[in-house]
Amino acid sequence: MAYNFKEIEKKWQTKWEKEGTFNAKNDYSLKKWYGLIEFPYPSGQGLHVGHPRSYTALDIISRMKRLQGYNVLYPIGFDAFGLPAENYAIKNNIHPSIVTEQNINHFKEQLKSIGFSFDWSREINTTDPNYYKWTQWIFIQLFKKGLAYKTTMPINYCTSCKVGLANEEVVNGVCERCGGEVIQKEKSQWMLKITEYAQRLIDDLDEVDYLEKIKTQQKNWIGRSEGAEVNFKIEGTDKNLLIYTTRPDTMFGATYMVVAPEHSIISELQDKITNLDEIEKYKELAAKKSDFERTEISKEKTGVEIKGIKAINPLDGNPIPIWVSDYVLITYGTGAIMAVPAHDTRDYEFAKKFNLPIKQVITNKENTASIDQEAYTDTDNGILINSGFLNGMNVQDAVKAVIAHLEKEHIGKSKVNFKLRDWVFSRQRYWGEPIPMVYCKECGWVPLDEKDLPLKLPEVKEFLPGENGESPLAKETDWINTTCPHCGGKAKRETDTMPQWAGSSWYFLRYMDPHNDQALASKEAIDYWGPVDWYNGGMEHTTLHLLYSRFWHKFLYDIGVVSTKEPYAKRTSHGMILGNNGEKMSKSKGNVVNPDEIVDEFGADTFRTYEMFIGPFDQSTPWSMESLRGCHKFLDRVWNLTTILQDGDSYSKEFEKMMHKTIKKVSEDYENMKFNTAVATFMTLINEFYKAKKINKAEFNTFLILLNPIAPHITEELFSLNGNTKTIAESSWPTYDESKTIDDEIEIPVQINGKLKATVIVALDSDESTVKKLVHDKVSHLLQGKTVVKEIYIKNKIYNIVVR
RNA sequence: GCGGAUGUGGCGGAACUGGCAGACGCGCUGGUCUUAGGAACCAGUGCCAAAAGCGUGGGGGUUCGAGUCCCUUCAUCCGCACCA
C-alpha cells in the first residue's frame, strides 16, 4: 500500500476539526501550558513559508505537552487592521472589511491544510467590534490614568499622496508607495506614555526567560543612560541654560555650548542676540530637512554661533560661547549640551570644523593620551587634569565628586535619561480602531462612556485620506458630530484611528476567554492561563510589538486587570526562510515558495518535517527543493516500515537502549527547539530498523508517538494501522529510563601527541591500568624508539600518550 | 560609528561541561533490478594519486588535547543610527 498523504491528511484534519481534539479545556484545576505564536496579518498574498516555521515549532511543543498531561492552550487569530487592506480598498473601491474577510478565509484554509493543532474555537480577529471594544476600553483606562495625551508632533507626510505616513512606510526618505518626497508636518497626535514605564521595562527583563539577544536589543532600544543635568547661567541675564551630560567629570573641558535649532532659549533671548537673522535662517534650513537628511547627510556638521549671549561655566566661572546646531536633538535630554571637544567625538568634529578651542581635561595613567588626532574617550583609564578640585581623580570618582558638588550648590543633579520616546498612537487612516474620545469646547478631551463601547467604524464611501493628511473619517460629519459624555453639549469625535500595534498589544489575554462580553477576559481565566508560557516570534518585533505589549500588560497589572507583571514567561525567535539563492524571498526576485503548492505535491507532513529539518531554528536558512524531497523520502520510508513490522509488546533487547536514547534525545531536542537534530535522530533510527530488517509493534508505537508532533497525520494513520484502538492524541508521551540510555561498553580514542592513532573498546568506567594495558597492546609498534613522557587517561573519554 | 549575530566538505548543516570534526539530509560516483526512470535498494564520498600528511575565515596564544577557551584580524548578514 502506497503512502497516500492526500487521503490521510484530509481524513485526520476532518476528524480533529469535528471533534475539537485540540481545544483547551476550561477545567482550571488541570496543570496548564500556554503556547503562543504571533497571529498573522491576513495579507492578500496568503501564507508565506516563513509563517509555518514558527507555527510548526510551537505546534510540536504543544502536541508534546498535551501528551505529557498538560491542559494546553495553543490559539490562533488574525491581526487584521492595517494599511494593505486599506490601500487595496482605495485602489479597487472595495470596503476593507470585505477584503479582510476574504483574506482571513484564505489564511484559515491554508492553516488548516497544514494540520496545526490550534484551538479554533477561540479564534479572534482584531477588527471584530466585540474585540476592539476592549482595545478601546484599555485606551480609555490609559487616558484616565494620564498615560494617553494629545500633543503636536511632527509626522511624515508624503507631498505627492498628501498622506501621513508611518515610519515604516518611509523608505530611504521617500514614500514607499509612490516614491514622492516625504517631509515633516506638525500634527496633533495621541501619545502613550511608554516612557513612564522605561525603567520597569528594563528591570523586569530579569524575571523572564527571553533569549539574551532579545533582552539586549530591548535594553539598547530603551537606551538608559546615567548622567547629570546642569544649569549654566546666561551672562548678564537671569536665564539659565539647562544641559544634560553623561560626562559631568569633563565639565572643566567645556569650551562651547550647543542648543538644538528648536530650543526655546533663542526666542526667549532674542533681544540680546545680535545675529538673530542668521540664526533664524539656520533654523529654517534645519526645519526643511527631513529626518532622513538630518541623519543620513550628517557627516558634515553645520551650525551658527549665537552672538550676544554667553553661558558661564558654574565650576570655574569662565564665559562660554553658545552655538546652534542640528546635531543636538530637541527630543533628547534637554535639547542643549555642553560641548567637550577633547573627549567627545562629535564635539571634536564640530570644534575642528569651526576652529573652536579644545581643552584636554582627561589623560591616561602614563599621561600620554593625545587629542591631536581625535577625542580621547577612554573612561576606564582616564585621569583628570586641568580640572581644579578634580585633578588626579579617575573618571568614576570625578563623576561622583562633580555631582555631589552640583547638588550641594543647587546648580545641577544626577539624572537618568532614556532614548525611548513616547508612542505616537494616532494614524490618519480609516482601517483601524476608532479612538473613543470626543472633544468638547467646555470639557476638553472626554472619553466615551464605557457602556457605549464599542465605538464602531462608520461605513464610508471613500477611503482616500483628506487634504493635509487628515483621516478619511474627517469627512464623515454625521459621525463626527456628537454630544459630550460629560456635559451633554455639542462635541466632535476624534477622527484618527489607532495604529496596527494596538490590537496586538493584548490579544493573548483575549484568547484566555474570547467570548466574554463583560470584561476583556475573566479574572479566573487570566489567573489560570497567565502568563503565556512560551511565545515565539520574529526578531523584527522585538522593539515594537514585544515592547508595546509588555508596556500595556504592566499598565493592566497596575490597574488590577492582570496578576503578573510580565505577559510572557519565555520568548524565543525563529530565523527567516530565504529563497534558494540565499536571498530574502520576494516576488521581484522570483524566489517565492508557495506553501499551498508544497502541501499539494508532497503533503503537509513533508512540509512540516522539512520546515523543521531546514536548519537551526533560530537562524536564517535558504529553501531547497531537493532537501524537501529528502524529507518526503524519509516519510515514505516511515510508511514502509510496515513491511518489516513484527510482533512484540515490549522493546526487543536489540533495540532497547536505542529506544530509550531516542526518547530522551527527541524530548530534549523539542524542548530546546533543536528540531533539525530531532529529525536527524528519527532518520538514524529508521536506518537502524531497516538495517536489521525488523521493528516490533512496541518500538513502532513509540517511534510514531515521538514523531507525531512533527508529522501528525501519517503517524496517527500508522498508529491506527498498528492495531491501536486509541489515537496518538489520546495517548501519553513515552518515558525513558536513564540507566538504559547509558552504554556499558565504550570506544575510547587513543591519541599520540594529540593525534588519533587507534581506538580501544573497554567497559564503562574502566580504570586506568586496565585501559593502559589494552592501549599499549594496540599501539606499541608506534611507540618504538620513542620516550613516553606522559600518559593521560580521562575516564570514558580519551587516552593520550605524549612522546618525544 | 554603535549593538547583535554568523563564518565547518560541492550544498543545508551535526559536534553535551575542551576529548574520534563532518551526525543526518541533499548532491555526486559505482552497482543491483529495470524497456525506461527526477523510482527503489546496496556500496562509496573532507582534501591529496597516496601509507604519511593537511584540514572548522586568517594570524597568534593557553592546553596532553581547541570548531569549542583567550588575544588579534578579515568577511558577510541583521538592527539602530549625531541619544551628549
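Bear in mind the structure is a predicted one, so any value in this text is a computation, not a measurement.
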Options [options], nucleotide nearest the side-chain atoms of [X]:
{"X": "A/Phe613", "options": "B/rC82, B/rA21, B/rG25", "result": "B/rG25"}
{"X": "A/Lys797", "options": "B/rC82, B/rG19, B/rG12", "result": "B/rG19"}
{"X": "A/Lys757", "options": "B/rC24, B/rA84, B/rG53", "result": "B/rG53"}
{"X": "A/Ile798", "options": "B/rG12, B/rA15, B/rG19", "result": "B/rG19"}
{"X": "A/Tyr327", "options": "B/rC20, B/rC82, B/rG27", "result": "B/rC82"}
{"X": "A/Glu626", "options": "B/rC24, B/rG13, B/rG27", "result": "B/rG27"}

Taking the [atom1] atom in each of [N] and [M], what is the distance between them to the nearest angstrom?
{"N": "B/rG44", "M": "B/rA5", "atom1": "C1'", "result": "37 Å"}
{"N": "B/rA14", "M": "B/rG61", "atom1": "P", "result": "31 Å"}
{"N": "B/rA15", "M": "B/rU34", "atom1": "P", "result": "43 Å"}
{"N": "B/rG38", "M": "B/rU45", "atom1": "P", "result": "25 Å"}
{"N": "B/rG1", "M": "B/rC70", "atom1": "P", "result": "24 Å"}
{"N": "B/rA39", "M": "B/rC28", "atom1": "P", "result": "10 Å"}
{"N": "B/rG13", "M": "B/rC2", "atom1": "C1'", "result": "32 Å"}
{"N": "B/rU73", "M": "B/rA23", "atom1": "P", "result": "35 Å"}

Lys/Arg cation over aromatic A/Phe602: A/Arg629, 6.0 Å, 45° cone: no
Given the ring of A/Phe350, does A/Lys301 sit roughly above its face, with NZ or CZ under 6.0 Å from the centre of the six-membered ring and within 45° of the axis?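 No, A/Lys301 does not sit over the ring of A/Phe350.
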So what's [N] paired with, Watson-Crick or G-U wobble, going by both distances under 3.5 Å?
{"N": "B/rU32", "value": "B/rA40"}
{"N": "B/rG65", "value": "none"}
{"N": "B/rA21", "value": "none"}
{"N": "B/rG13", "value": "none"}
{"N": "B/rC2", "value": "B/rG79"}
{"N": "B/rC47", "value": "B/rG53"}

Taking donor-acceptor contacts at under 3.5 Å, does the side chain of A/Gln751 reach the base of B/rC64?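 Between B/rC64 and A/Gln751, which were checked side chain against base, a qualifying N/O pair under 3.5 Å is absent.
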Looking at A/Lys301 and B/rC82, is any side-chain donor or acceptor paired with a base atom of the opposite kind under 3.5 Å? yes
Specify the separation, in whole Å, of atom [atom1] of [X] and atom [atom2] of [N].
{"X": "A/Ile746", "N": "B/rG19", "atom1": "CD1", "atom2": "P", "value": "15 Å"}
{"X": "A/Glu768", "N": "B/rC64", "atom1": "CD", "atom2": "C1'", "value": "13 Å"}
{"X": "A/Ile222", "N": "B/rC80", "atom1": "CD1", "atom2": "P", "value": "16 Å"}
{"X": "A/Lys419", "N": "B/rA81", "atom1": "NZ", "atom2": "P", "value": "9 Å"}
{"X": "A/Glu611", "N": "B/rG12", "atom1": "CD", "atom2": "P", "value": "18 Å"}
{"X": "A/Lys665", "N": "B/rC24", "atom1": "NZ", "atom2": "C1'", "value": "11 Å"}
{"X": "A/Asn753", "N": "B/rU63", "atom1": "CG", "atom2": "P", "value": "15 Å"}
{"X": "A/Phe634", "N": "B/rC26", "atom1": "CZ", "atom2": "C1'", "value": "15 Å"}

Do the side-chain N and O atoms of [X] and [Y] include a donor-acceptor pair separated by under 3.5 angstrom?
{"X": "A/Tyr244", "Y": "A/Ser225", "answer": "yes"}
{"X": "A/Asn536", "Y": "A/His574", "answer": "yes"}
{"X": "A/Asp344", "Y": "A/Tyr376", "answer": "no"}
{"X": "A/Ser624", "Y": "A/Asn580", "answer": "no"}
{"X": "A/Thr643", "Y": "A/Asn640", "answer": "no"}

More than 12 heavy atoms of other residues, nucleotides or ligands under 6.0 Å from CD of A/Glu583: yes or no?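 Counting other residues, nucleotides and ligands, CD of A/Glu583 exceeds 12 neighbours.
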For [X], answer base if it contacts any base atom (sugar-phosphate contacts may also be present), sugar-phosphate if it contacts only those atoms, and nothing otherwise; contact means non-hydrogen atoms under 4.0 Å.
{"X": "A/Lys213", "value": "sugar-phosphate"}
{"X": "A/Thr621", "value": "sugar-phosphate"}
{"X": "A/Thr542", "value": "nothing"}
{"X": "A/Ile614", "value": "sugar-phosphate"}
{"X": "A/Glu747", "value": "base"}
{"X": "A/Asn417", "value": "nothing"}

Please answer whether the main-chain N or O of A/Ile358 pairs with a side-chain N or O of A/Thr255 as donor and acceptor at a distance below 3.5 Å.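 Checking the backbone N and O of A/Ile358 against the side chain of A/Thr255, no donor-acceptor pair under 3.5 Å is found.
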Phosphate contact ([N] OP1 or OP2) by [X] side-chain N/O below 4.0 Å:
{"X": "A/Arg637", "N": "B/rA40", "value": "no"}
{"X": "A/Lys674", "N": "B/rG13", "value": "no"}
{"X": "A/Lys633", "N": "B/rC26", "value": "yes"}
{"X": "A/Ser225", "N": "B/rA84", "value": "yes"}
{"X": "A/Lys790", "N": "B/rC64", "value": "yes"}
{"X": "A/Asn676", "N": "B/rA14", "value": "yes"}
{"X": "A/Asn800", "N": "B/rU63", "value": "no"}

Any chance you could measure A/Lys584, atom NZ, to A/Ser620, atom OG, to the nearest 0.5 Å? 9.5 Å
Once you round to the nearest 0.5 Å, how far does CZ of A/Phe634 lie from CD1 of A/Ile714? 8.5 Å
Ring geometry between A/Tyr548 and A/Trp423 (parallel below 30°, tilted from 30 to 60°, perpendicular above 60°): parallel
Residue mapping more 5' on RNA chain B - nearest nucleotide basis, A/Trp221 or A/Tyr332: A/Trp221
Residue closer to the 5' end of RNA chain B, A/Met683 versus A/Tyr610 (nearest nucleotide): A/Tyr610
Set out, line by line, the N/O atom pairs under 3.5 Å between protein and nucleotides 1-3 of chain B.
from, atom 1, to, atom 2, distance (Å)
B/rG3, O2', A/Asn220, ND2, 2.6

Using O4'-C1'-N9-C4 for purines and O4'-C1'-N1-C2 for pyrimidines, with syn meaning within 90° of 0, is B/rG25 syn or anti?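 Nucleotide B/rG25 adopts anti.
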